[in-house]
Amino acid sequence: MNLLITGGAGFIGSHVVRLFVESYPHYHVFNLDKLTYAGNLQNLADVEGRENYTFLKGDITDAAYLESIFSEHRFGAVLHLAAESHVDRSIAGPMAFVQTNVIGTVNLLEACRRAWAGDFEGKLFYHVSTDEVYGSLGEEGLFTESTAYDPRSPYSASKAASDHFVRAWFHTYGLPVKLSNCSNNYGPNHFPEKLIPLAIHNIKEGRPVPVYGKGENVRDWLYVKDHARAIDAIFHRGRVGETYNVGGVNEWRNIDLIELLCDVMDERLGREQGASRKLITFVKDRAGHDARYAIDSSKLMSELGWAPSVTFEQGLRKTVDWYLENEQWLEEVTSGHYRDYYREQYEHR
Ligand code: NAD
Ligand code: DAU
């Protein structure tokens, strides 16, 4: 089968591409990616020469391009991860999120509908989404698959819209779809605009670690390779037309997480315990900052037997070690445009 994975040069996509290329030699994996600032082929350097892997540089907002690759490669399934993914960037410039996350997703749905022309037997469109579509929780409760959508940032609104379109194509045209909504991922290859890799980078450099507001917002963190394993399970064994929530059962207040990270970094860098905590700097809060996300993954666990394979402490140590061992990767992605982004995002906070 020819499998189209979109956004495979990004953080989660690169782990998913590697898992599918290595585990399913009878699939040919086509990785379609625009290579925005977040896409990096270095993430897949070890996969590049594999016989069952091809990279396609392209943009999902370009419907004519999608039509041409669908007709050339006759994809049997699509695993859709390409997106603009950073909430702060969506606040600064929402239109790119509407273009890629909404229009790009609809283009892909249409490309599938046309290419598969009503013969949907054995075909699949799998849409990877986020828990942010459910909005913001108070101190109690968990997001389930039936929680009403309540997106509050331009990013989450664009992902919510894309989820609605995917379900509309299932109900209206019978397109075989699956969806998953996952909590915050962390791990190797995470772009250092997101909290954990940004903090690792700044601690390493001895620079202030910006914590929004009072650091009391809560996120549910999942190691990226466990998310990739969940996607594999849902892709192969999940039920068509269904949605699966994916989470780490691992809630942390931002400030507690950053303190733990500082301590791990002190240990790994041979600094005196407590030294890196002095870098923590409280800065102006994110606009519309969601208070708490927490996922109920019991459907995925009971139906498909999935469970996270590493604890947060193990995953965080693996992540820190990866960044310390891959200094060149970090240097390359934090040069050039990253510096302009960083200045604009943090200078006046
Ligand atoms: P990322 O920003 O690291 O990667 C996105 C990838 O998509 C990049 O390689 C980029 O070049 C590509 N891309 C962007 N616009 C494109 C376009 N128009 N055409 C083709 N390619 C394009 O994102 P990520 O964190 O790996 O997230 C992947 C997916 O998982 C997204 O759909 C995101 O909403 C979802 N998700 C992310 C998280 C998380 O914690 N990071 C959690 C749940 C769900
Ligand atoms: O929940 C899933 C979502 O998790 C994904 O859909 C998104 O693609 C992904 O970016 C992530 O969104 P968040 O906004 O939760 O992640 P981020 O790493 O940007 O922020 C995590 C928390 O840390 C959040 O409460 C904001 C806070 N924060 C973030 C940054 C970048 C800070 O305090 N300081 C910072 O500098």
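Just follow the structure's listing: the first ligand is 1, and inside any ligand the first atom is 1.
- The shortest separation from a heavy atom of Q345 to ligand 2 is not under 4.0 Å, leaving the residue out of contact.
- Those atoms of ligand 2 with a heavy atom of S85 less than 4.0 angstrom away are 7 (C), 8 (O), 9 (C), 10 (O).
- Looking only at atom types and distance, the side chain of Y323 has no donor-acceptor partner in the side chain of N326 under 3.5 Å away.
- Side-chain contact annotation: D88 with Y346, donor-acceptor N/O pair under 3.5 Å absent.
- Per-residue contacts place V211 under 4.0 angstrom from the following atoms of ligand 2 (heavy atoms of the residue considered): 33 (O).
- With a 4.5 Å cut-off on side-chain heavy atoms, F30 and F75 count as touching.
- Residue N217 places no N or O, backbone or side chain, under 3.5 Å from any N or O of ligand 2.
- For ligand 2 and H86, the ligand atoms under 4.0 Å from any heavy atom of the residue are 19 (O).
- Cation-pi check for R229 over Y223 is not met; the charged atom does not lie both under 6.0 angstrom from the ring centroid and within 45 degrees of its normal.
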Given ring-ring contact (aromatic ring centres under 6.0 Å, His included), test H164 with Y149 step by step and report yes or no.
CA-CA 10 Å; H164 290 320; Y149 275 31; 5.0 Å; yes
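- Within the structure, ligand 2 has E193 among the residues with a heavy atom less than 4.0 angstrom away.
- Looking at F235 and F20, their side chains come closer than 4.5 Å, going by heavy atoms from C-beta outward.
- Residues S162 and H127 bring a donor and an acceptor atom of their side chains to less than 3.5 Å of each other.
- Judged by distance alone, the side chains of W252 and N250 do bring a donor and an acceptor atom under 3.5 Å apart.
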What are the distances between nitrogen or oxygen atoms of ligand 1 and protein nitrogen or oxygen atoms, counting only those under 3.5 Å?
residue: ligand 1; atom: 2 (O); partner: S85; partner atom: OG; Å: 2.7
residue: ligand 1; atom: 3 (O); partner: F11; partner atom: N; Å: 3.0
residue: ligand 1; atom: 9 (O); partner: G10; partner atom: N; Å: 3.0
residue: ligand 1; atom: 9 (O); partner: D33; partner atom: OD1; Å: 3.2
residue: ligand 1; atom: 9 (O); partner: D33; partner atom: OD2; Å: 2.6
residue: ligand 1; atom: 11 (O); partner: D33; partner atom: OD1; Å: 2.5
residue: ligand 1; atom: 11 (O); partner: L35; partner atom: N; Å: 3.4
residue: ligand 1; atom: 11 (O); partner: T36; partner atom: N; Å: 3.0
residue: ligand 1; atom: 11 (O); partner: T36; partner atom: OG1; Å: 3.1
residue: ligand 1; atom: 18 (N); partner: D59; partner atom: OD1; Å: 2.9
residue: ligand 1; atom: 18 (N); partner: T100; partner atom: OG1; Å: 3.0
residue: ligand 1; atom: 19 (N); partner: I60; partner atom: N; Å: 3.0
residue: ligand 1; atom: 21 (N); partner: K34; partner atom: N; Å: 3.1
residue: ligand 1; atom: 23 (O); partner: S85; partner atom: OG; Å: 3.3
residue: ligand 1; atom: 26 (O); partner: F11; partner atom: N; Å: 3.4
residue: ligand 1; atom: 26 (O); partner: I12; partner atom: N; Å: 2.8
residue: ligand 1; atom: 32 (O); partner: L81; partner atom: O; Å: 3.0
residue: ligand 1; atom: 32 (O); partner: K159; partner atom: NZ; Å: 2.7
residue: ligand 1; atom: 34 (O); partner: Y155; partner atom: OH; Å: 2.7
residue: ligand 1; atom: 34 (O); partner: K159; partner atom: NZ; Å: 3.1
residue: ligand 1; atom: 40 (O); partner: N185; partner atom: N; Å: 2.9

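- In summary, the side chains of R286 and S153 do not present any donor paired with an acceptor at a separation below 3.5 Å, with no hydrogens or angles considered.
- For D296, there are no salt bridge (Lys or Arg N to Asp or Glu O under 4.0 Å) partners at least two apart in sequence or on another chain.
- Contacts with ligand 2 closer than 4.0 Å are made by heavy atoms of both the backbone and the side chain of K194.
- Short contacts between ligand 2 and D131, defined as distances under 4.0 Å to a heavy atom of the residue, involve ligand atoms 1 (O), 2 (C).
- When only interatomic distances are considered, the shortest N/O to N/O separation between N254 and ligand 2 falls below 3.5 Å.
- By the criterion of a heavy-atom distance under 4.0 Å, both the backbone and the side chain of L195 are placed next to ligand 2.
- A salt bridge links D263 to R277: one of the charged nitrogens lies within less than 4.0 Å of a carboxylate oxygen.
- Which parts of ligand 2 touch V87 is read off a 4.0 Å heavy-atom cut-off, strictly below it: atoms 14 (O).
- Defined by atom type and a distance below 3.5 Å, a donor-acceptor pair is present between the side-chain atoms of E303 and Y244.
- Nearest-heavy-atom check against atom 5 (C) of ligand 2 across Y134, Y155, Y186 picks out Y155.
- Remark: the N2 side chain and the H73 side chain contain no N/O donor-acceptor pair separated by less than 3.5 Å.
- With no hydrogens or angles considered, no side-chain donor-acceptor pair links H86 and Y37 at under 3.5 Å.
- At a heavy-atom distance under 4.0 Å, only backbone atoms of S183 (N, CA, C or O) approach ligand 2.
- Heavy-atom contacts of H289 reach the following atoms of ligand 2: 24 (C), 25 (O), 26 (C) (cutoff under 4.0 Å).
- When the side chains of ILVMFWY residues are joined at heavy-atom separations under 4.5 Å, either directly or via intervening members, W221 and Y212 end up in a single hydrophobic cluster.
- If you check each of G213, P210, A291 against atom 34 (N) of ligand 2, the one with the closest non-hydrogen atom is P210.
- Those atoms of ligand 2 with a heavy atom of T130 less than 4.0 angstrom away are 1 (O), 2 (C), 3 (C), 5 (C), 6 (O).
- E132 OE2, 2.9 Å is the protein heavy atom nearest to atom 3 (C) of ligand 2.
- When only non-hydrogen protein atoms are considered, atom 19 (O) of ligand 2 lies nearest to R286 NH2, 2.9 Å.
- Between the side chains of S276 and R271, a donor-acceptor pair is found at a separation under 3.5 Å.
- Under 4.0 Å from ligand 2, heavy atoms of N184 appear from its side chain as well as its backbone.
- The residue among F143, W221, Y212 with a heavy atom at the shortest distance from atom 32 (C) of ligand 2 is Y212.
- Heavy-atom contacts of Y293 reach the following atoms of ligand 2: 1 (O), 15 (O) (cutoff under 4.0 Å).
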